[in-house]
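Just below is one structure, and these are the notes that go with it.
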Amino acid sequence: SFLRRVQSLPPESQRLLLTAAAEPLGDVTLLWRAVERLEVGPDAIWPAEAAGLIEVGTRVRFRHPLVRSAIYRAAPPPDRWEAHRALGEATDPEADPDRRAWHRAHAASGLDEAVAGELERSADRAQRRGGVAAMAAFLERAAELTPDPGRRGARVLAAAQAKLDAGAPEAAQALLATAELTPLDELQRARMQRLRAQIAFALRRGSDAPALLLDAAKRLVALDPGLARETCLEALAAAIFAGRLGSGRDVLRVVRATPPAQPPAASDLLLNGLATLVTQGYAAAVAPLRAALEAFRQDDGGSSANDRWLWLACRVAADLWEHEIWDELATNGVRRAREAGALSIFPMSASYRAGVHVHAGEYAEASALLEEAYAVAQATHTALLVQARQMVAAWRGNEAKALELIEAGRPDATARGQGMALSMIECAHAALFNGLGRYEEALAPAQRACAQDDLSLYALALVELIEAAVRSNRPDLAAPALERLSERTRASGTEWALGIEARSRALLTDGPSAEPLYEEAVERLARGRLAPHLARAQLLYGEWLRRENRRLDAREQLRAAHDTFSRFGAEGFAERARRELAATGETARTRTDETRGLLTAHEAQIARLARDGLSNPEIGAQLFISPRTVQYHLHKVFQKLDITSRNQLGRIPAGSLGSA
């Protein structure tokens with residue numbers, strides 16, 4: 001229908017419309033300069049406007065996006081080339097070299113090294129700006145226009161790497177098939193092997209990736225030692241994901257064969273620390289891993305080489321019980337992934353930031369980030385990181401929802417070869433039933449969660465095992481678990497670690513000797529942003545006091561625990577505290593929170609950003625959704641909160657929208 005209207009216009013009007021369609025930014029000045037070069041007069045716009053196809057004011061606007069695409073796609077290639085040539089000539093090479101290069105590239109009808117070189121320089125500028133997707137697009141077109149086969153191969157490989165970083169592993173895979181047809185040297189072939197392994201990891205995050213990355217690292221040792229070390233770190237990271245379904249120990253052979261970096265970067269320190277962890281154990285690895293974390297913290301500028309490893313640094317911080325460092329690194333990781341448009345690493349960064357929220361009791365914020373990570377992973381066809389959803393559901397105590405996620409997650413994680421995901425799912429299963437006070441049902445999943453020493457998960461699984469075993473009258477399981485836990489907590493020495501150890505040790509201590517341990521746990525866990533762990537210590541302390549017939553003292557601890565769990569929406573633990581309070585003769589106050597659960601996590605996140613003054617396009621850019629989708633969600637928010645505009649969001653109680 002649109003095309004019939006276009007085809008009824010005079011030829012000059014059709015050329016003007018095609019030129020406007022080829023310039024997606026709607027730059028009026030550029031359009032008039034370009035059509036002048038095409039010898040099209042300004043009067044050619046009137047028939048197009050009269051037909052209701054276009055409007056030219058401060059910007060060029062088509063009546064509908066389909067008008068633009070229909071005009072552009074239906075035009076013969078020579079006409080499109082001519083329009084782009086005119087736009088390229090009309091673009092200032094000093095003020096806007098990238099747009100000029102892009103139009104010149106689309107004007108090229110054959111191979112053109114000059115234009116390809118311009119595009120490569122534009123890609124460098126895009127990389128410095130953090131525009132990974134733009135960098136990939138520039139490099140891909142540069143490769144298409146490159147006449148020299150050897151140079152084309154190098155550009156195709158660079159484009160494939162950029163596509164992967166931008167969250168397009170399937171497009172990267174297709175480019176590697178093109179690279180195979182070009183003459184590559186030994187280093188380039190090794191880089192291509194590494195890229196194939198990276199793509200396998202991005203698509204599945206399974207047990208096949210460590211061996212593939214290890215083979216690539218071995219090949220790179222003699223060709224590029226720095227890249228070999230980077231690939232070793234990738235292999236170790238992949239082995240962490242594979243967990244019980246894979247093995248990363250062979251990586252150490254390559255680590256030993258790779259010359260050390262001088263001076264070592266943050267990623268080199270991280271590799272050294274993880275290698276120490278595998279070979280010498282947790283206690284020996286604490287110091288080198290802390291040095292690595294400090295190097296990442298000092299990297300205020302956010303080098304791209306370090307940005308891609310912030311998620312792994314977060315996992316190390318969690319393993320060392322360093323909640324504040326984890327928070328800082330995770331915040332930086334999400335921010336930098338957003339700024340760079342690095343969709344390949346954003347889901348992982350968001351997942352580890354969500355983990356910080358879980359340990360702070362901020363379940364709505366965690367859910368919002370996980371939903372966003374899930375959406376990006378789906379859109380980019382990369383492997384989903386859904387196991388954190390089970391942990392959030394478990395802490396919230398929604399048995400039906402948590403079990404649904406747990407049962408769905410196990411076969412999926414097994415099929416993908418994600419052993420780490422299995423451990424987290426089992427840990428969530430145990431936490432769910434411990435929270436509900438059904439300890440015998442928590443015991444088996446807790447044992448399964450402890451079957452593998454997974455980074456940042458093993459100690460938490462031991463905590464669940466100790467509580468489930470003590471309450472199930474299985475000291476034979478609880479005592480050795482406590483010893484394994486204390487080896488880590490004492491080596492760490494943080495308030496979080498020592499508070500958790502004191503709480504767990506109190507469970508295994510008889511008589512009056514238990515009270516100082518409970519008091520220590522409460523005191524230490526109150527010093528950090530660890531309210532759920534503090535509330536859990538208060539709950540256990542209150543339960544112990546009640547069994548000691550100290551009802552008044554018990555009520556103080558149980559009331560504090562109940563209030564905290566209720567405020568966070570940890571329904572299982574809150575109900576457990578309520579039952580204990582009832583056993584002391586006190587009825588727990590019912591917490592009325594009419595807004596909790598009213599908005600979905602995603603709606604609450606959008607509402608908070610709108611409340612803070614961000615426009616719909618700005619919110620969309622931050623959350624990787626369209627402005628129209630933002631408006632749709634805001635409309636639902638207004639209906640649910642019974643308001644009519646975003647200005648009224650400031651009047652809504654802060655708790656209704658969660659914290660920023």
Side-chain angles (χ1 to χ4, degrees), residues 132 157-158 160-167 169 172-173 176 187 189-221 223-243 245-261 264-275 277-278 289 292 296 303-316 333 337 342-349 351-352 382-383 385 416-420 454-455:
V132 181
L157 283 178
Q161 184 69 65
K163 286 284 187 184
L164 179 62
D165 293 342
Q173 206 164 35
L176 289 186
L187 176 58
R189 293 206 168 274
R191 292 175 72 95
M192 184 165 64
Q193 182 180 350
R194 175 184 182 235
L195 253 174
R196 289 196 189 283
Q198 289 176 317
I199 291 168
F201 180 59
L203 289 172
R204 294 179 294 278
R205 307 209 192 281
S207 55
D208 59 333
L212 294 172
L213 287 162
L214 178 59
D215 288 343
K218 291 175 180 176
R219 189 171 182 177
L220 282 163
V221 166
L223 301 168
D224 188 330
L227 194 57
R229 288 182 63 82
E230 180 87 357
T231 311
C232 283
L233 186 53
E234 290 172 338
L236 269 173
I240 288 168
F241 271 91
L245 301 180
S247 173
R249 289 187 173 275
D250 288 343
V251 178
L252 298 174
R253 296 203 309 270
V254 182
V255 175
R256 296 188 185 104
T258 306
S267 59
D268 294 312
L269 294 172
L270 187 58
L271 175 61
N272 294 339
L274 288 171
L277 180 65
V278 175
L289 285 174
F296 278 101
S303 71
S304 58
N306 287 339
D307 284 356
R308 64 189 301 259
W309 292 115
L310 276 171
W311 69 268
L312 186 53
C314 288
R315 197 160 193 87
V316 167
L343 299 186
S344 62
I345 63 173
F346 174 79
M348 285 194 290
S349 298
S351 294
Y352 289 106
T382 50
L385 298 170
R416 292 177 182 273
Q418 295 179 353
M420 182 194 72
D454 287 295
L455 190 70

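Residue numbers count from 1 along this sequence. Worth knowing before you read on, the calculation uses all heavy atoms, side chains too, and leaves out hydrogens, waters and symmetry mates.
In terms of modelled atom types and a separation under 3.5 Å, the side chain of D165 and the main chain of A162 share no donor-acceptor contact. Of the possible polar contacts, one joining the R315 side chain to the L455 backbone as a donor-acceptor pair under 3.5 Å is found.
Between I240 and M420, the shortest heavy-atom distance links the atoms O-CB, 3.2 Å. The two residues P169 and I199 come nearest to each other via the heavy atoms O-CG2, 3.8 Å. The nearest pair of heavy atoms linking A275 to L236 is N-CD1, 4.5 Å. Closest non-hydrogen pair, L176 versus A160, comes out as CD2-CB, 4.0 Å. Between R191 and L227, the closest heavy-atom pair is NH1-CD2, 3.4 Å. Contact detail for A266 and F296: the closest heavy-atom pair is O-CE1, 3.6 Å.
Rounding to the nearest 0.5 angstrom, the gap separating the CZ atom in R194 from the CD atom in E234 is 4.0 Å. W309 contributes atom CH2, which lies 14.0 Å from atom CG of L269 (distance to the nearest 0.5 angstrom). Of the inter-residue distances, the one linking D224 atom CG with R219 atom CZ reads 13.5 Å to the nearest 0.5 angstrom. Taken from OH in Y352 to CG in L312, the straight-line distance is 7.5 Å, to the nearest 0.5 Å. Going from atom CD of Q198 over to atom CG of L164 covers 5.5 Å, rounded to the nearest 0.5 Å. If you take CG on L157 and CG on L187, they are separated by 9.5 Å, rounding to the nearest 0.5 Å.
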For D215 and Q193, what are the C-alpha separation, side-chain angles and deciding distance, and is it a side chain to side chain contact (heavy atoms under 4.5 Å, CB included)?
-> CA-CA 8 Å; D215 288 343; Q193 182 180 350; 3.5 Å; yes
Could you walk me through whether L214 and K218 pass the side chain to side chain contact (heavy atoms under 4.5 Å, CB included) check?
-> CA-CA 6 Å; L214 178 59; K218 291 175 180 176; 3.9 Å; yes
Tell me, with the steps shown, if L274 and L233 meet side chain to side chain contact (heavy atoms under 4.5 Å, CB included).
-> CA-CA 9 Å; L274 288 171; L233 186 53; 3.9 Å; yes
Could you give me the CA-CA distance, side-chain angles and deciding distance for V316 and L277, then say whether side chain to side chain contact (heavy atoms under 4.5 Å, CB included) is met?
-> CA-CA 11 Å; V316 167; L277 180 65; over 6 Å; no
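Under the rule for a side chain to side chain donor-acceptor pair (under 3.5 Å), the partners of N272 that lie at least two apart in sequence or sit in another chain are R229.
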